[in-house]
There are 2 protein chains.
Amino acid sequence: MQQFIEICRDHELKITPQRVAIYQALIQANQHPTADMMFRLVKEDFPHIAFDTVNRTLLTFADIGVVDVVEVFGGPKRFDPNIDGHHHLHCTACGKIIDFKNDRCTDLEVPASITEMFKVISKRVVLKGLCADCAIEQ
Amino acid sequence: MQQFIEICRDHELKITPQRVAIYQALIQANQHPTADMMFRLVKEDFPHIAFDTVNRTLLTFADIGVVDVVEVFGGPKRFDPNIDGHHHLHCTACGKIIDFKNDRCTDLEVPASITEMFKVISKRVVLKGLCADCAIEQ
DNA sequence: GTGATTGCAAACCTTTTGCACGCCA
DNA sequence: TGGCGTGCAAAAGGTTTGCAATCAC
């Protein structure tokens, strides 16, 4: 939380009760929430908040690196409070996104032929398939 | 094209002029088009086609494996006529998606701890950053 | 002929925008 | 106090749905 306040100060953002509430909900959220999911979550502790505030705050947080906007295959944006280097499994049946850590993926070197023509900021391995629950049903 | 007809037959889909036109536009498209971009493109040869037909056909094509729906970070769905194993660069400034091939990425082994709990269908390395054009402007 | 497909329009959902009011610094 | 941030409402953009007419088989 102290860290969050510092990041806001660094970016000259005011510390408002709404931003604090959204940040707290975010670090509790575990399922790569959409803006709407975050809105419902924050509203429990902050009933008067507007959806619009939640959405704009999440975008602001993405700008300053507090959250990550993750890759999706259509549908609403999804946010990831986990900004450590990690990778994703996407279940094509239920839409769940599962984080995983793996050194072989994280240490994968981007070839020089790419870095010469493209300034790489982030790197992620994305796997599509079926999660355990959905694999059983099929 | 013969190949396309066979795939349709395999999936019991009728060969309609619309589907043929959309398929032809697709193999010419090079920039991971959205449904709307495809609609404009197809309309040149097929002025009377409805946006809806293009969109639904693309989703059907995705179902049968003729196109791939690619990962995006919000915004409209984007389709990829290139279904060979390859990887993506996403320019965060202009939104361009650039394909690249790289054996080290393609040969990356998914650890058994993942495949045991998740049925992997596809694998892709996704890099975010700045393309050459946008890197100059910054 | 029959059922899949198309075109059209409306509905739906998500995201964006403009503006007046309120609050943090 | 000044200007950023919020809440509200409307608009915009993309996708989905239902239905009648049409077309491929």
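Numbers restart at 1 for each chain; the letters A, B, ... are given by sequence-line order, proteins then strands.
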Interatomic distance where [atom1] belongs to [X] and [atom2] belongs to [N] [whole Å]:
X       : N      : atom1 : atom2 : answer
B/Met37 : D/dT15 : CE    : P     : 12 Å
A/Ile5  : C/dC24 : CD1   : C1'   : 13 Å
A/His48 : C/dC21 : NE2   : P     : 15 Å
A/His11 : D/dC4  : NE2   : C1'   : 16 Å
B/Lys43 : C/dT6  : NZ    : C1'   : 16 Å
A/Glu12 : D/dG2  : CD    : C1'   : 15 Å
A/Met38 : C/dT15 : CE    : P     : 13 Å
B/Lys77 : D/dG14 : NZ    : P     : 12 Å

Legend entry - 5' priority, DNA chain D, between B/Arg9 and B/Ala35 [closest heavy atom]: B/Ala35
Legend entry - Whether A/His88 and A/His32 hold their rings parallel, tilted or perpendicular, with breakpoints at 30° and 60°: perpendicular
Students often get this wrong, so: under 4.0 angstrom with heavy atoms, is [X] touching a base, only sugar-phosphate, or nothing?
X       : result
B/Leu58 : nothing
A/Arg19 : sugar-phosphate
B/Asn55 : base

Inset, instruction - Please say whether more than 12 non-hydrogen atoms of neighbouring residues, nucleotides or ligands are located less than 6.0 Å from CZ in B/Arg9. - result: no
Inset, instruction - For A/Lys77 and A/Leu59, indicate whether the former's side chain and the latter's backbone hold a donor-acceptor pair under 3.5 Å. - result: no
Would you mind telling me which of [options] lies closest to the side-chain atoms of [X]?
X       : options                : answer
B/Ile49 : D/dT15, D/dC8, C/dG7   : C/dG7
B/Ile15 : D/dG7, D/dC25, C/dG7   : D/dC25
B/Pro76 : C/dG7, C/dG3, D/dG14   : D/dG14
A/Pro17 : C/dC24, D/dT16, C/dT15 : C/dC24
B/Asp52 : C/dA25, D/dC8, C/dA9   : C/dA9

Within the structure, does a side-chain N or O atom of [X] lie under 4.0 Å from either OP1 or OP2 of [N]?
X       : N     : value
B/Thr57 : C/dT5 : no
A/Thr53 : D/dG7 : yes
B/Gln18 : C/dG7 : yes
B/Thr16 : C/dT6 : yes

Inset, instruction - Not counting sequence neighbours, list each pair that qualifies as a ring pair (Phe, Tyr, Trp, His ring centres under 6.0 Å) and has a residue in residues 55-77 of chain A. - result: A/Phe4-A/Phe61, A/Phe73-A/His90
Legend entry - Heavy-atom pair of closest approach, residues A/Val42 and A/Ala21: CG1-CB, 4.2 Å
Legend entry - Polar side chain donor-acceptor pair, B/His86 to B/Asp80, under 3.5 angstrom: yes
Inset, instruction - Return the 5'-most residue of the pair B/Gly74, B/Arg56 with respect to DNA chain C, ranking by each residue's nearest nucleotide. - result: B/Arg56
